Amino acid sequence: MVKTSVKEIYRETGKFMGQVVELSGWVRTIRASNAFGFIELNDGSFFKNIQIVFESSLDNFKQISDLGTGSAIKVSGTVTESEGAKQPFEIKAVSVTVVGEADEDFPLQKKRHTFEYLRTIAHLRPRTNAFSAVFRVRSLVAFAIHKFFNERGFVYVHTPIITGSDCEGAGEMFKVSTRDFDKIPRKDDGKIDFSKDFFGKETNLTVSGQLAVENFCAAYRNVYTFGPTFRAENSNTQRHASEFWMIEPEIAFADIFDDMELAEDMMKYIIGYVLENAPEEMQFFNDFIDKGLLERLNFVLNSDFARVTYTEAIELLEKSGKEFEYPVKWGADLQTEHERYLTEELLKKPVFVYNYPKEIKAFYMRLNDDNKTVAATDLLVPGVGEIIGGSQREERYDKLVSRIEEMGLNKDDYWWYLDLRRYGTNPHAGFGLGFERAIMYITGMQNIRDVIPFPRTPKNAEF
RNA sequence: UCCUCGUUAGCUCAGUCGGUAGAGCGGGUGGCUGUUAACCACUAGGUCGGCGGUUCAAGUCCGUCACGAGGAGCCA
């Protein structure tokens, strides 16, 4: 008898045919008559189930027939060709041991559930086809990202989760404190006395590792972070979460064009990796989640991403004659409807928009020679919208200081960031890829809450 | 945070003109010798999201709160 996995049997069927194997896993569905029955077993190793045939000759036949969906069992049996039409092979059971029965109120049924309902049972949803596929792909994409950067000699840097830097500036932050909320120490003027708090200063959960990773960029040349990120915005959309993961590479002696090239290479690499390593899951997404998915991803793999400047994008939108709810105007940020129209209808592929007006972008982005735009880029993709935001960083000390002052920020808060511009400064660039948005793009899933194991959104941290 | 829609059995939903609650699936019981969301029969299961109002009468109309979803903003 060979202990094996469902995946191995699928991948090397010939080797196992006629052999007695031992499997263990969870019952996905069960159908029984008084003489025999069928179990679809999923052992976690593979997207697909394997069919177990059990006959009334087994001494615990009745116990097996009465098992509910979700039960854990151990099976030994012979791998045989199947008489049924829907599977090429099956296991003829020699014995079935009940390891852990599922109570009769196990919520997952053999029919379609709404994603909305499944979010309320996030602890059980990985046992469904869709979520089993999503989270295996999520795992593979994470690995592919590390593999991509590792193969190119990038150093993986762990930037802090708790940050004392109050100048990250990318949104509302979650406060980190050990103080008793009922007895917050205050100074004479009534302001909170952070010197009495754990770190002796105000601390928050990070909203970006970028400022920190730039320092390591000036040591290792090519670096990246990949970790959790927190935004306390009251955002209620299908593509925002309060806790999400972000990949932020930073490359030295590089400009905005090198940056876009890196982003394009990375996207293609991870798409290719997932198509190769999770074909069953990807086929499932194509069949049940998004009919055009595989065609679109294959097209993306084999074509160049579009690159248009912000100014060109405005012209394209104006020339399109399309009526927008928000008017298109140079100087104003592109609205979601503009972005979607650009990538989904006008160009029908991923597009980098770059060189945005400086007024609508962050202080650290490099000022272009026109003095009006900065070397920033957003990657827009069909179906998801903005998936990457990046820029060439302002490496010139004086220009950076004047941008900080222009935006009403305090230069002293950025002393270590400014030091980089005093000690061996160089042109460098980077971007942030929203990990979950990449998963959405690759799987066709439409809600960020369905690509995070236990999603955190405003008013929701149940699990 | 704003706009729109929604909340009825464990799940997915129907419920007409305001007249006191329905189906399928799931559960239970029994049957069935190759099933594929198996099938057949029987059966149990409801504070119609909460509160207030209109009415002889509210799942149904009005108000309000809570929760959820979609869209917008913020952004990855």
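Small disclaimer: the values here were computed from a predicted structure and weren't measured. The chains referred to below are lettered A, B, ... by the order of the sequence lines, with proteins before strands, and numbering in each begins at 1.
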(message) Taking the C1' atom in each of B:rA14 and B:rA21, what is the distance between them to the nearest angstrom?
(response) 11 Å
(message) Under 4.0 Å, heavy atoms only, any strand: does A:Thr229 hit a base, just the sugar-phosphate, or nothing?
(response) nothing
(request) Round to a whole Å and report the spacing from NZ of A:Lys62 to C1' of B:rC32. (result) 14 Å
(request) Not counting sequence neighbours, which residues clear side-chain hydrogen bond (donor to acceptor under 3.5 Å, both in side chains) with A:Thr373? List them please. (result) A:Asn368, A:Asp370
(request) Answer with base, sugar-phosphate or nothing: what part of the nucleic acid does A:Asn234 contact at a heavy-atom distance below 4.0 Å? (result) base
(message) Looking only at the side chains, is there a donor atom on one of A:Thr206 and A:Thr163 sitting less than 3.5 Å from an acceptor on the other?
(response) no
(request) For the side chain of A:Gln51, starting at C-beta, report the closest nucleotide among B:rU12, B:rG34, B:rU1. (result) B:rG34
(request) Would you indicate what A:Gln335 reaches in the nucleic acid, counting non-hydrogen atoms under 4.0 angstrom: base, sugar-phosphate, or nothing? (result) sugar-phosphate
(request) Looking at every strand, decide which applies to A:Gln109 at a 4.0 Å heavy-atom threshold: base, sugar-phosphate, or nothing. (result) base
(request) Take atom CE of A:Met445 and atom P of B:rG70, then tell me their distance rounded to the nearest Å. (result) 11 Å
(message) Just to be sure I understand the rule, does A:Gln446 reach a base, reach only the sugar-phosphate, or reach nothing, if contact means heavy atoms closer than 4.0 Å?
(response) nothing
(request) Ignoring hydrogens and angles, state whether a donor on the side chain of A:Gln210 or A:Tyr364 is under 3.5 Å from an acceptor on the partner side chain. (result) yes
(message) Return the pairing partner of B:rC25 with a 3.5 Å limit on both distances, Watson-Crick or G-U wobble; otherwise return none.
(response) B:rG10
(request) Using the C1' atom as the reference point in each nucleotide, state the distance between B:rA66 and B:rG10 in Å, no decimals. (result) 22 Å
(request) Just compare B:rA72, B:rC11, B:rA38 and give me whichever is closest to any side-chain atom of A:Thr336. (result) B:rA72
(request) Determine which nucleotide pairs with B:rA44, using a 3.5 Å limit on both distances of a Watson-Crick or G-U wobble pair. (result) none
(message) Counting only side-chain nitrogens and oxygens, does A:Arg119 get under 4.0 Å of the OP1 or OP2 atom of B:rA69?
(response) yes
(message) Does A:Thr114 reach a base, just sugar-phosphate, or nothing at all? Heavy atoms under 4.0 Å.
(response) sugar-phosphate
(request) On the 0 to 90° scale, with breaks at 30° and 60°, tag the A:Tyr117-A:His113 ring pair as parallel, tilted or perpendicular. (result) tilted
(message) Distance check needed: B:rC25 C1' versus A:Leu108 CG, whole Å only.
(response) 14 Å
(request) Could you check how far CD1 of A:Ile448 sits from C1' of B:rA69, rounded to whole Å? (result) 16 Å
(request) Write down the distance between CZ (A:Arg127) and C1' (B:rC11), rounded to a whole number of angstrom. (result) 17 Å
(message) When you compare the side chain of A:Tyr354 with that of A:Ser391, does any pair of heavy atoms fall below 4.5 Å?
(response) no
(message) Taking the minimum atom-to-atom distance to the side chain of A:Arg239, which one of B:rU35, B:rA72, B:rA37 wins?
(response) B:rA72
(request) Identify whether any heavy atom of A:Tyr117 sits under 4.0 Å from a base atom; if not, whether one sits that close to sugar-phosphate; answer base, sugar-phosphate or nothing. (result) sugar-phosphate
(request) Would you mind classifying the nucleic acid contact of A:Lys92 as base, sugar-phosphate or nothing, using non-hydrogen atoms under 4.0 angstrom? (result) base
(message) When the P atoms of B:rU60 and B:rC17 are compared, how many Å lie between them, rounded to an integer?
(response) 15 Å
(request) Examine the side chains of A:Arg31 and A:Thr29 and answer whether a donor and an acceptor come within less than 3.5 Å of each other. (result) yes
(message) If you assign each of A:Glu337 and A:Lys110 to its closest nucleotide in RNA chain B, which residue comes earlier from the 5' end?
(response) A:Lys110
(request) With RNA chain B as reference, determine whether A:Thr69 or A:Ile30 sits nearer its 5' end, using the nearest nucleotide of each. (result) A:Thr69
(request) Looking at every strand, decide which applies to A:Gly432 at a 4.0 Å heavy-atom threshold: base, sugar-phosphate, or nothing. (result) sugar-phosphate
(message) For A:Phe244 together with A:Phe435, are the ring centres under 6.0 Å from each other?
(response) no
(message) Between the base of B:rA76 and the ring of A:Phe435 - centre-to-centre under 5.5 Å, planes within under 30° - is that a stack?
(response) no
(message) Taking only the C1' atom of each, what is the distance from B:rU20 to B:rG24 in whole angstrom?
(response) 24 Å
(request) Indicate, with a heavy-atom threshold strictly under 4.0 Å, whether A:Ala438 touches base, sugar-phosphate, or nothing. (result) nothing
(message) Going by purine N1 to pyrimidine N3 plus the second Watson-Crick contact, or the G-U wobble pair, all under 3.5 Å, which nucleotide sits opposite B:rU64?
(response) B:rG50
(message) If I take atom CZ in residue A:Phe36 and atom P in nucleotide B:rG31, what distance separates them, rounded to the nearest angstrom?
(response) 16 Å
(message) Looking at A:Asp103 and A:Asp105, would you say the former's side chain and the latter's main chain have a donor-acceptor pair under 3.5 Å?
(response) no
(message) Output the rounded distance in Å from CD (A:Glu462) to C1' (B:rC67).
(response) 13 Å
(message) Strictly below 4.0 Å: does A:Asn34 bring a side-chain N or O up to OP1 or OP2 of B:rU33?
(response) yes
(request) Give a yes or no on whether a salt bridge exists between A:Arg340 and A:Glu325, defined as a side-chain N under 4.0 angstrom from a carboxylate O. (result) no
(request) Looking only at side-chain atoms of A:Glu116, point me to the closest of B:rA69, B:rA37, B:rG70. (result) B:rA69
(message) For a quick check of understanding: with a heavy-atom distance under 4.0 Å over all strands, which category does A:Asn236 fall into, base, sugar-phosphate or nothing?
(response) base
(request) Rounded to whole angstrom, note down the P distance from B:rG45 over to B:rG6. (result) 31 Å
(request) Output the single nucleotide from B:rC75, B:rG34, B:rC67 whose closest atom is nearest the side chain of A:Lys459. (result) B:rC67
(message) Roughly how many Å apart are B:rC13 and B:rU8, using the P atom of each and rounding to a whole number?
(response) 9 Å
(request) Taking only the side-chain heavy atoms of A:Ser33 (C-beta and beyond), determine which of B:rC25, B:rA38, B:rA76 contains the nearest atom. (result) B:rA38
(request) Between B:rC48 and B:rA58, how far apart are the P atoms? Round to whole Å, please. (result) 12 Å
(request) Indicate, yes or no, whether a donor-acceptor pair under 3.5 Å links the base of B:rA37 to the side chain of A:Arg112. (result) no
(request) Check the distance between B:rG70's C1' and A:Arg449's CZ and give it to me in whole angstrom. (result) 10 Å
(request) Searching all strands shown, indicate the nucleotide that pairs with B:rU36 (Watson-Crick or G-U wobble; both distances under 3.5 Å). (result) none
(message) Can you tell me the base-pairing partner of B:rG70? Count Watson-Crick or G-U wobble geometry only, both distances below 3.5 Å, and say none if there is no partner.
(response) B:rC3
(request) Using a strict cut-off of less than 4.0 Å between a Lys/Arg side-chain nitrogen and an Asp/Glu carboxylate oxygen, indicate whether A:Arg307 and A:Glu264 qualify as a salt bridge. (result) yes
(message) If you go through the side-chain atoms of A:Glu325, does one of them form a donor-acceptor pair with the base of B:rG71 closer than 3.5 Å?
(response) no
(request) Establish, yes or no, whether the cationic atom of A:Arg393 lies under 6.0 Å from the six-membered ring centre of A:Tyr417 and within 45° of the ring axis. (result) no
(message) Quick check on B:rU35: is either OP1 or OP2 less than 4.0 Å from any side-chain nitrogen or oxygen of A:Arg31?
(response) no
(message) Applying a 4.0 Å non-hydrogen cut-off, can you work out what A:Tyr326 is touching in the nucleic acid: base, sugar-phosphate, or nothing?
(response) sugar-phosphate
(message) Any donor-acceptor pair, under 3.5 Å, between the side chain of A:Glu233 and the base of B:rU1, if you only look at N and O atoms?
(response) no
(request) Would you indicate what A:Glu436 reaches in the nucleic acid, counting non-hydrogen atoms under 4.0 angstrom: base, sugar-phosphate, or nothing? (result) nothing
(message) Could you check whether A:Arg296 pairs with A:Asp290 (Lys NZ or Arg NE/NH1/NH2 to Asp/Glu carboxylate O, under 4.0 Å)?
(response) yes
(request) Residues of residues 340-360 of chain A with any non-hydrogen atom less than 4.0 angstrom from an atom of RNA chain B: list those, numerically ordered, please. (result) none
(message) Categorize A:Ile388 for me: base, sugar-phosphate, or nothing, with a 4.0 angstrom heavy-atom threshold over every strand shown.
(response) sugar-phosphate
